[in-house]
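In what follows, a single structure is set out as structure tokens and then discussed.
As a basis for the values below, the full set of heavy atoms in this structure was taken, side chains included, without hydrogen atoms, waters or symmetry mates.
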Amino acid sequence: MRAEPTCPRCGKRVGAPNLWSSDWSCPVHGAVLPRQPSRRPGPEGLAAAVHDSRVPVWAPWPLPLSWLVTGFVTVGDERTGARASAVAVSGPGLVSGLADMLLVAEEPGIGLGAYYAGLAGPDPGAGFDDGPPHVKVEVSGPFAVCDHSVPMWSIPGGPDRAVYVGEAMGNWLWAILWPADAGVLMVDRTHLVDLRDPGMELDLPYGAFCPRLDA
């Protein structure tokens, strides 16, 4: 796994703040927030992901049958807090073989979701939400007044994946699934919980680390 912070938009190593600049700097995208090294699945990884996160840390709950939580990523540093989060879950696909899903919450302009989706980024782009939504998910968490439905639209991404994007609690919500046929998992009404909720006592099952987090 990565040992150094990288750019959330392209994965290149970023330069740390110094005497001349307080920004992290990507050689391609300039000033960015740093994508921190990915966290292995487990209670320690979860604790690191939710610590000082300013965006939801979404996970499907209940998980699809035989699926496991397989890693975490955040974007930000100790000064900014986490301004983007990604949670990986993996399990048997409904069509064939093993499937992976990354759920990304981020402030506009960060670019983590677009990077995983295979887009130039950093955001979905104009017109992504034209027409009726393709799926809806239910979300709940410590900063939501009540459970509510979030519309999401399918957009073109990398050729080997399915990409859905919407907006929840003022942040982008991305669901990126591999392989592309795993997108059928989103047809069933999925319920997402914000793992920052201290009142949630979820017995999350963990599996092997998902290498897509380090793509």
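D129 is linked by a side chain to side chain donor-acceptor pair (under 3.5 Å) to nothing, counting only residues two or more places apart in sequence or in another chain. E44 pairs by the salt bridge (charged side-chain N to carboxylate O under 4.0 Å, His left out) definition with nothing, not counting sequence neighbours. With sequence neighbours excluded, the residues that form a ring pair (Phe, Tyr, Trp, His ring centres under 6.0 Å) with F128 are W153, W172. Listed by chain and number, the residues in a salt bridge (charged side-chain N to carboxylate O under 4.0 Å, His left out) with R161 amount to none (sequence neighbours excluded). The side chain to side chain donor-acceptor pair (under 3.5 Å) search around H134 returns none, not counting sequence neighbours. For N171, there are no side chain to side chain donor-acceptor pair (under 3.5 Å) partners two or more places apart in sequence or in a different chain. Residues satisfying the side chain to side chain donor-acceptor pair (under 3.5 Å) test with S90, not counting sequence neighbours, are T70, D100. In this view, E167 satisfies the side-chain contact (heavy atoms from CB on, under 4.5 Å) rule with no residue, not counting sequence neighbours.
When hydrophobic residues (I, L, V, M, F, W, Y) are linked wherever their side-chain heavy atoms come within less than 4.5 Å, L68 remains an isolated member. Counting side-chain heavy-atom gaps under 4.5 Å among Ile, Leu, Val, Met, Phe, Trp and Tyr, the cluster of V32 also holds V14, W24. Applying the 4.5 Å side-chain rule to ILVMFWY residues, one finds that V55 remains a lone member of its cluster.
You'll find the side chain of P17 reaches within 4.5 Å of the side chain of R79, heavy atoms only. Residues V165 and L173 fail the side-chain proximity criterion, which asks for heavy atoms closer than 4.5 Å. Side chains of V89 and P60 form a contact here, defined as non-hydrogen atoms less than 4.5 Å apart. Residues V193 and L202 have side chains in contact (heavy-atom distance under 4.5 Å, counting atoms from C-beta outward). Taking 4.5 Å as the limit, every side-chain heavy atom of V87 sits out of range of all side-chain heavy atoms of V104.
Side chain of D23 to backbone of S25: no donor-acceptor contact under 3.5 angstrom is found.
For H191, the NE2 atom is densely surrounded, since the number of other residues' heavy atoms within 6.0 Å is greater than 12.
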With side chain to side chain contact (heavy atoms under 4.5 Å, CB included) as the criterion, how do T80 and L33 come out once you've worked through the C-alpha distance, each side chain's angles and the decisive distance to 0.1 Å? CA-CA 8 Å; T80 65; L33 290 175; 3.7 Å; yes
Go through the steps for V150 and K136 under the test side chain to side chain contact (heavy atoms under 4.5 Å, CB included), then give the verdict. CA-CA 5 Å; V150 173; K136 291 185 178 182; over 6 Å; no
Stepwise side chain to side chain contact (heavy atoms under 4.5 Å, CB included) test for F209 and D214: CA-CA 10 Å; F209 176 74; D214 279 348; 3.7 Å; yes
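Note that the NE2 atom of H148 and the CE atom of M169 stand 6.5 Å from one another [nearest 0.5 Å]. Separating the CG atom in D197 from the OG atom in S140 is a distance of 7.5 Å, to the nearest 0.5 Å. Taking SG from C210 and CG from L102, the interatomic distance works out to 5.5 Å, rounded to the nearest 0.5 Å. For the atom pair OH (Y115) and SG (C10), the distance works out to 7.0 Å, reported to the nearest 0.5 Å. For the atom pair CZ of R35 and OG1 of T74, the computed distance is 10.5 Å after rounding to the nearest 0.5 Å. Note that CE of M101 is 9.5 Å distant from CG of L63, once rounded to the nearest 0.5 Å.
Nearest heavy-atom pair across P122 and G109 is CB-O, 3.7 Å. Across all non-hydrogen atoms, the minimal contact from P5 to P34 is CB-CB, 3.7 Å. Heavy atoms only, all atoms of each residue included: V57 and A49 are closest at CG2-O, 3.9 Å. Taking all atoms of both residues into account, the shortest heavy-atom contact from H29 to R9 is CD2-CZ, 3.4 Å. The two residues A86 and L213 make their nearest non-hydrogen contact at CB-CD2, 4.3 Å. Pairing each heavy atom of S53 with each of R196, the nearest pair is O-NH1, 3.2 Å.
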Run the side-chain donor-acceptor check on residues 174-186: report pairs under 3.5 Å with partners two or more places apart or on a different chain.
unit_1: W174; atom_1: NE1; unit_2: E106; atom_2: OE2; d: 2.8

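Under the 4.5 Å side-chain heavy-atom criterion for Ile, Leu, Val, Met, Phe, Trp and Tyr, V28 and L119 are members of distinct hydrophobic clusters.
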